[in-house]
J.: 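Would you mind keeping the following structure in view while I ask a few things?
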Amino acid sequence: RTFKRQMMCRRDIDSFSVPFLSIYESLIPPEEEKLKQNQLLGLLEKLVCKEWPMARLYLYGSCASSFGVSKSDIDVCLAIQDADVDKSKIIMKLADILQSDNLQNVQALTRARVPIVKLMDPVTGISCDICINNLLAVVNTKLLRDYANIDPRLRQLAFIIKHWAKSRGVNETYHGTLSSYAYVLMCVHFLQQQRPAILPCLQGMNPTYSVRVDNVDCAFFDQVEKLGHFGRHNKDTIAHLVWGFFFYWAYCHDYANSVISVRTGSTISKRDKDWTRRIGNDRHLICIEDPFETSHDLGRVVDKRSIKVLREEFERAADIMQYDPNPCIKLFEPY
Ligand code: CTP
Ligand code: MG
């Protein structure tokens with residue numbers, strides 16, 4: 001962090017805000033996509049309720065948190081109250097029901113870490129993953145959506161970072177890089193760290209929303225419209241923030257000792273979490289605490305090889321933001 005203060009940003013950085021914002025705008029899904037998503041959700045609700053009248057469907061993930069770019073798949077959670085549900089059985093049954101109703105490419109993935117049914121709706125052209133009782137994901141989606149409603153720069157920054165990560169091939173958890181969810185948490189953390197802060201720490205405030213899910217108390221301040229424009233004292237432009245984000249991850253973050261934590265609005269020490277050594281497959285080479293499942297490190301997928309790839313990509317991006325005459329093009333060049 002001290003390094004950042006010493007590091008002088010290029011003087012023309014703000015001139016890149018206009019092109020960055022047009023990239024952001026080109027990624028926003030058109031209104032009709034939202035309508036189609038709701039149309040598909042309605043169809044699924046109808047089919048599911050025939051079999052399980054008490055069940056409910058929730059949209060989660062980027063299409064519900066407002067961090068979804070155009071043409072994203074949608075993530076749906078089927079909530080079934082029954083205490084001891086056998087998820088695999090429900091997944092199989094659900095796949096059967098959907099298969100017989102004209103939906104295409106229906107696949108039951110019962111052995112995945114999170115079992116899901118995948119499908120494609122030929123009417124809307126939308127693909128969809130349905131999981132069972134993953135209500136923590138529904139709650140963390142709400143937290144991200146509430147953060148997005150505090151300052152428009154979060155959504156802008158997250159779209160640009162996600163777009164960069166996809167272009168550079170570092171948004172693939174099965175290859176040891178980070179999930180979109182992890183990148184959005186990194187953006188929230190970064191904006192909480194700015195001085196003056198651009199985002200508050202909603203979990204550190206008096207809770208106005210509180211639910212208990214899977215033995216985790218999820219509580220935070222969610223009346224964000226009452227915060228006024230929280231970040232107004234910080235006038236940093238989007239180009240400046242993109243520069244700052246990459247500098248932070250290239251040169252300021254203490255990978256050896258620190259965990260980023262949106263829950264506390266700060267960093268915490270790896271030692272306090274006992275994340276200092278490899279346990280099983282969890283290596284903790286970059287540590288991102290889940291806001292609710294606090295024993296969960298979203299960086300655990302990163303290994304010795306991919307941490308190098310990631311850090312080199314952060315450095316490449318930081319150098320482009322600092323020196324390249326055309327950062328808005330160079331940043332997103334395919335690898
Ligand atoms: N999620 C989670 N824990 C993870 C990964 C994901 O709880 N380790 C949940 C989050 O609620 C997240 C959702 O699953 O919003 C979808 O995650 P992901 O596919 O990473 O991101 P999206 O935001 O849907 O991004 P994309 O647009 O790339 O699909
Ligand atoms: Mg998704």
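Indexing begins at 1, ligand by ligand and atom by atom, following the structure's order. Small disclaimer: the values here were computed from a predicted structure and weren't measured. Just so you know, these numbers use all the heavy atoms, side chains as well, and skip hydrogens, waters and symmetry mates.
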J.: Just to be sure I'm reading this right: ignoring hydrogens, which of Phe159, Tyr181, Phe292 gets closest to atom 3 (N) of ligand 1? Compare them by their nearest heavy atoms.
T.: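 Nearest option to atom 3 (N) of ligand 1, by heavy atoms: Tyr181.
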J.: Given the rule that I, L, V, M, F, W and Y join up when any side-chain heavy atoms are under 4.5 Å apart, are Phe246 and Leu21 in one cluster?
T.: yes
J.: Around the Mg ion (ligand 2), how many protein N, O or S atoms are found at less than 2.8 Å?
T.: 1
J.: Once you measure the plane-to-plane angle for Tyr183 and Trp164, does it fall in the parallel (<30°), tilted (30-60°) or perpendicular (>60°) bin?
T.: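 Answer is perpendicular, since the angle exceeds 60°.
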J.: Does some non-hydrogen atom of the protein lie less than 4.0 angstrom from atom 19 (O) of ligand 1?
T.: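 Looking at atom 19 (O) of ligand 1, one finds that no protein heavy atom lies closer than 4.0 Å.
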J.: Please report whether ligand 1 has a polar contact with Ser180, defined as an N or O pair separated by less than 3.5 Å (distance criterion only).
T.: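 Yes, since at least one N or O of Ser180 sits under 3.5 Å from an N or O of ligand 1.
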J.: Looking only at side chains, do Glu33 and Ser70 share a donor and an acceptor under 3.5 Å apart?
T.: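 Yes, side-chain donor-acceptor contact under 3.5 Å.
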J.: So, is Arg300 polar-close to ligand 1, with some N/O to N/O distance under 3.5 Å?
T.: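 No, since none of the N or O atoms of Arg300 sits under 3.5 Å from an N or O of ligand 1.
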J.: For residues Val213 and Tyr60: do they belong to one hydrophobic cluster (side chain heavy atoms under 4.5 Å, members Ile, Leu, Val, Met, Phe, Trp, Tyr)?
T.: yes
J.: Using heavy atoms and a 4.0 Å limit, tell me yes or no: is Lys166 in contact with ligand 1?
T.: yes
J.: Is it true that Tyr255 and Leu310 fall in one hydrophobic cluster, defined by side-chain heavy atoms closer than 4.5 Å?
T.: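 Hydrophobic grouping puts Tyr255 with Leu310.
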J.: What about Asp75: any of its N or O atoms under 3.5 Å from an N or O on ligand 1?
T.: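 Yes, at least one N or O pair falls under 3.5 Å.
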J.: Around atom 8 (N) of ligand 1, find the nearest protein heavy atom and jot down its residue, atom name and distance.
T.: Leu298 CD2, 3.1 Å
J.: Quick one: sort the His253 and Tyr248 rings into parallel, tilted or perpendicular, breaks at 30° and 60°.
T.: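 Geometry flag for Tyr248 against His253: tilted rings.
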J.: Verify the neighbour count for atom CZ of Arg111: are there more than 12 heavy atoms of other residues, nucleotides or ligands below 6.0 Å?
T.: no
J.: Using distance alone, with no hydrogens and no angle criterion, decide if Ser15 and Asp12 have a side-chain donor and acceptor under 3.5 Å apart.
T.: no
J.: Once you restrict to heavy atoms under 4.0 Å, what part of Asp73 touches ligand 1? Side chain, backbone, both or neither.
T.: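 Neither part.
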J.: Examine Arg113 against ligand 1 and note whether any of their N/O atoms are separated by less than 3.5 Å.
T.: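 In this structure, Arg113 places no N or O atom under 3.5 Å from an N or O of ligand 1.
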J.: Closest non-hydrogen protein atom to atom 29 (O) of ligand 1, residue and atom name please, with distance?
T.: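 Checked against all protein heavy atoms, atom 29 (O) of ligand 1 sits closest to Ser62 OG, 3.9 Å.
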J.: Would you say ligand 1 has an N or O under 3.5 Å from any N or O of Asn171?
T.: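 In fact, backbone or side chain, Asn171 has no N or O that close.
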J.: Going by distance alone, is a donor N or O of one side chain under 3.5 Å from an acceptor N or O of the other, for Asn149 and Asp146?
T.: no
J.: Is the closest N or O pair between Ala137 and ligand 1 shorter than 3.5 Å?
T.: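 Yes; the residue has a nitrogen or oxygen that sits under 3.5 Å from a nitrogen or oxygen of the ligand.
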J.: Of all the non-hydrogen atoms in the protein, which one sits nearest to atom 11 (O) of ligand 1, and at what distance?
T.: Asn140 OD1, 2.4 Å
J.: Considering only protein heavy atoms, which is closest to atom 15 (O) of ligand 1, and at what distance to one decimal place?
T.: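 Nearest neighbour among protein heavy atoms for atom 15 (O) of ligand 1, to 0.1 Å: Gly61 CA, 3.3 Å.
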J.: Answer yes or no: does an N/O atom from Tyr60 fall short of 3.5 Å to an N/O atom of ligand 1?
T.: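 Between Tyr60 and ligand 1 (N or O atoms, distance only) the closest approach is not under 3.5 Å.
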J.: Going by side-chain heavy atoms closer than 4.5 Å, which hydrophobic residues are tied to Ile268, directly or by a chain of links?
T.: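 Joined to Ile268, directly or through intermediates: Val259, Trp275.
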J.: Under a 3.5 Å threshold, yes or no: a donor from one side chain and an acceptor from the other, between Lys226 and Gln223?
T.: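 Side chains of Lys226 and Gln223: pair found under 3.5 Å.
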J.: Given Leu59, which of Ile74, Thr141, Leu40 fulfils the side chain to side chain contact (heavy atoms under 4.5 Å, CB included) condition?
T.: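 Of all the options given, the one that passes is Ile74.
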J.: Where do Ser258 and Cys287 come nearest, in terms of heavy atoms and distance?
T.: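 The pair with the smallest heavy-atom distance is O-CB, 3.9 Å.
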J.: Does NZ or CZ of Lys142 come closer than 6.0 Å to the centre of the six-membered ring of Tyr209, within 45° of the ring's axis?
T.: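 Ring-cation test returns yes.
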J.: At a 4.0 Å threshold, what atoms of ligand 1 neighbour a non-hydrogen atom of Thr141?
T.: 11 (O), 15 (O)
